[in-house]
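Just below is one structure, and these are the notes that go with it.
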Amino acid sequence: MEVLSVRGGAPLRGTAVIHGAKNSVLPILAACVLCRSPCVLHHCPNIDDVHSAMRILQYLGCRAERSGGTICVDATYVDTCRIPQELAGTMRSSIIFLGAILSRLGCAELALPGGCPLGARPINLHIEALRQMGAVCDCSPECVCCSAGALHEAVITLPFPSVGATENAILAALGCAGSVEIQNAAREPEITDLVRFLQSAGAKISGVGTAKLTVCGGTPLHGTTYTIMPDRIETASFLCAVAGCGGDVTLLRTQRATSEAVCQILEQCECQITEGCDTLRICADRRLRAYAGTIVTAPYPGFPTDAQAPMMAALLRAEGESRICETIFENRFHHVPQLRKLGADIALCGQTACVRAVEHLHGAAMHAEDLRGAMALVIGALQSEEESTITGIKHLRRGYDNLEENLRALGADIKCMEIC
Ligand code: UD1
């Protein structure tokens with residue numbers, strides 16, 4: 001079993017490179033199923049969820065190979081429409097293959113997806129969107145089977161701007177002869193990245209970046225070369241780490257525009273953030289001040305739910321009282337009891353966490369239950385001079401490329417140990 005050993009207490013200084021976005025590369029890998037000649041994707045993070053997506057592509061009969069940060073996918077031939085449990089169960093994003101395979105082959109069978117235990121995580125919005133295009137979907141507790149003689153035109157209004165349902169609807173719509181309008185679509189930058197990739201492969205999609213997307217399907221897509229956008233959640237995680245520990249760090253290959261909500265909160269808490277050309281510098285040279293209002297997670301461009309746990313960890317010693325309200329997932333406070341082991345003062349009232357400043361944090365043995373919560377534990381541990389250990393590291397491996405090396409380059413004392 002892997003265990004992280006962390007000894008903190010020192011400011012972070014130096015530079016760190018931000019990788020390509022996990023939540024962008026995963027739907028784009030699924031979208032490659034629609035392209036009838038090879039695709040080349042640059043700036044792909046080396047993380048377990050990407051390995052899982054590549055294994056799914058290989059199982060489907062596609063070629064998927066990595067060389068450094070570049071992944072080549074050749075989906076000239078797709079042999080099967082079925083993804084079994086041992087592949088689909090490894091991550092939530094396997095659900096996006098449903099729309100892609102349906103669009104390409106006219107049928108799809110997928111064991112129910114896995115992913116972080118953040119709540120019920122139903123797929124009703126995905127299924128309803130596919131049904132509105134004429135797909136016949138049969139859902140059992142184990143799997144979902146969809147078939148479509150010919151997908152048809154539709155106007156789909158999502159009751160909630162679900163990221164995954166928007167992605168599935170876009171991919172399925174490309175298999176329709178005619179146009180599909182998706183209203184109340186998610187506007188997350190990763191959707192924009194997916195649409196730009198599809199456009200570069202020949203797709204006709206308008207409304208990019210807005211809540212109303214129009215997809216004109218029916219034209220086969222060709223291969224393309226595309227560079228994945230920077231990971232805004234990895235960016236937010238490093239910004240929060242520096243805010244919590246203090247220091248002066250420049251993040252390379254990233255941008256402010258997609259992390260605006262996180263930057264604004266950190267600035268109000270006394271951090272200075274400066275944007276350069278593809279860089280973000282954060283300077284936290286005095287004690288943080290608590291956030292005066294309530295940080296409320298919301299669909300983009302609101303504060304991202306994926307940054308909620310890292311932000312909470314950044315604010316553990318911030319002078320005053322900060323409140324964070326989680327509105328997207330009903331069960332996304334797994335990190336709270338773990339952070340309390342460090343001496344953090346966090347009260348939970350329903351979906352709102354109230355963080356009161358403590359002067360010092362001490363070392364603790366913590367266990368991570370989900371990806372972003374795991375990062376929060378690392379940020380918490382980095383603020384204590386005493387040693388902490390963190391288990392449940394497999395979650396970090398799903399979403400952070402090269403995390404320990406990146407943090408060590410900033411002066412952090414963090415190492416991974418193998419224990420029996
Ligand atoms: C994606 C991201 C995840 C992020 C989330 C919200 C990926 C791989 N993952 O997840 O990191 O935290 O967006 O920004 O991109 N819902 C339903 N029915 C559905 C679908 C969703 O009720 O059919 C609910 C969910 O339970 C949740 C909310 O809608 O409460 C948001 O989910 P959604 O936007 O779909 O998130 P994901 O696509 O799963």
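Order of listing sets the numbers, starting from 1, for every ligand and every atom in it.
Within the listing of ligand 1, atoms 3 (C), 4 (C), 11 (O), 12 (O) sit less than 4.0 angstrom from a heavy atom of Asp306. Near Arg332, with a cut-off below 4.0 Å to any heavy atom, the atoms of ligand 1 are 12 (O). Taking every non-hydrogen atom of Ser93 and a distance limit under 4.0 Å, the qualifying atoms of ligand 1 come out as 8 (C). Every atom of ligand 1 with a heavy atom of Thr305 under 4.0 Å away is listed here by number and element: 6 (C), 12 (O), 14 (O). For ligand 1 and Ile328, the ligand atoms under 4.0 Å from any heavy atom of the residue are 27 (C), 28 (C), 30 (O), 31 (C). Taking every heavy atom of Phe160 and a limit of under 4.0 angstrom, the matching atoms of ligand 1 come to 28 (C), 29 (O), 31 (C).
Of the polar atoms of Arg92, at least one N or O is found under 3.5 Å from an N or O of ligand 1, judged by distance alone. At least one N or O atom of Asn124 sits closer than 3.5 Å to an N or O atom of ligand 1. For Asn23, a nitrogen or oxygen atom sits less than 3.5 Å from a nitrogen or oxygen atom of ligand 1, counting backbone and side chain alike. Among the atoms of Leu125, some N or O lies under 3.5 angstrom from an N or O of ligand 1. Considering backbone and side-chain atoms alike, Gly164 places an N or O below 3.5 Å from some N or O of ligand 1.
For the pair Pro122 and ligand 1, a heavy-atom separation below 4.0 Å is found. Using a 4.0 Å cutoff on heavy atoms, His126 counts as a contact of ligand 1.
With a 6.0 Å radius and a threshold of 12 heavy atoms from other residues, nucleotides or ligands, Arg281 has its CZ atom at or below the threshold. In the displayed structure, Phe160 atom CZ is contacted under 6.0 Å by more than 12 heavy atoms of other residues, nucleotides or ligands.
When atom types are taken as modelled, the side chain of Gln338 and the backbone of His367 share a donor-acceptor pair closer than 3.5 angstrom. Checking side-chain atoms of Glu369 against main-chain N and O of His334 turns up no donor-acceptor pair under 3.5 Å.
The pair Glu190-Arg232 meets the salt-bridge criterion, since a charged nitrogen lies less than 4.0 angstrom from a carboxylate oxygen. Under a 4.0 Å N-O distance rule, the pair Arg36/Asp74 does not qualify as a salt bridge.
If you check each of Val163, Ile96, Asn168, Val25 against atom 34 (O) of ligand 1, the one with the closest non-hydrogen atom is Val163.
Of the N and O atoms on the side chains of Glu326 and Gln351, not one donor lies less than 3.5 Å from an acceptor on the other residue. There is a side-chain donor-acceptor pair under 3.5 Å between Thr224 and Ser200.
Within the model, atoms CZ of Arg332 and CG of Asp370 stand 6.0 Å from one another, a figure rounded to the nearest 0.5 Å.
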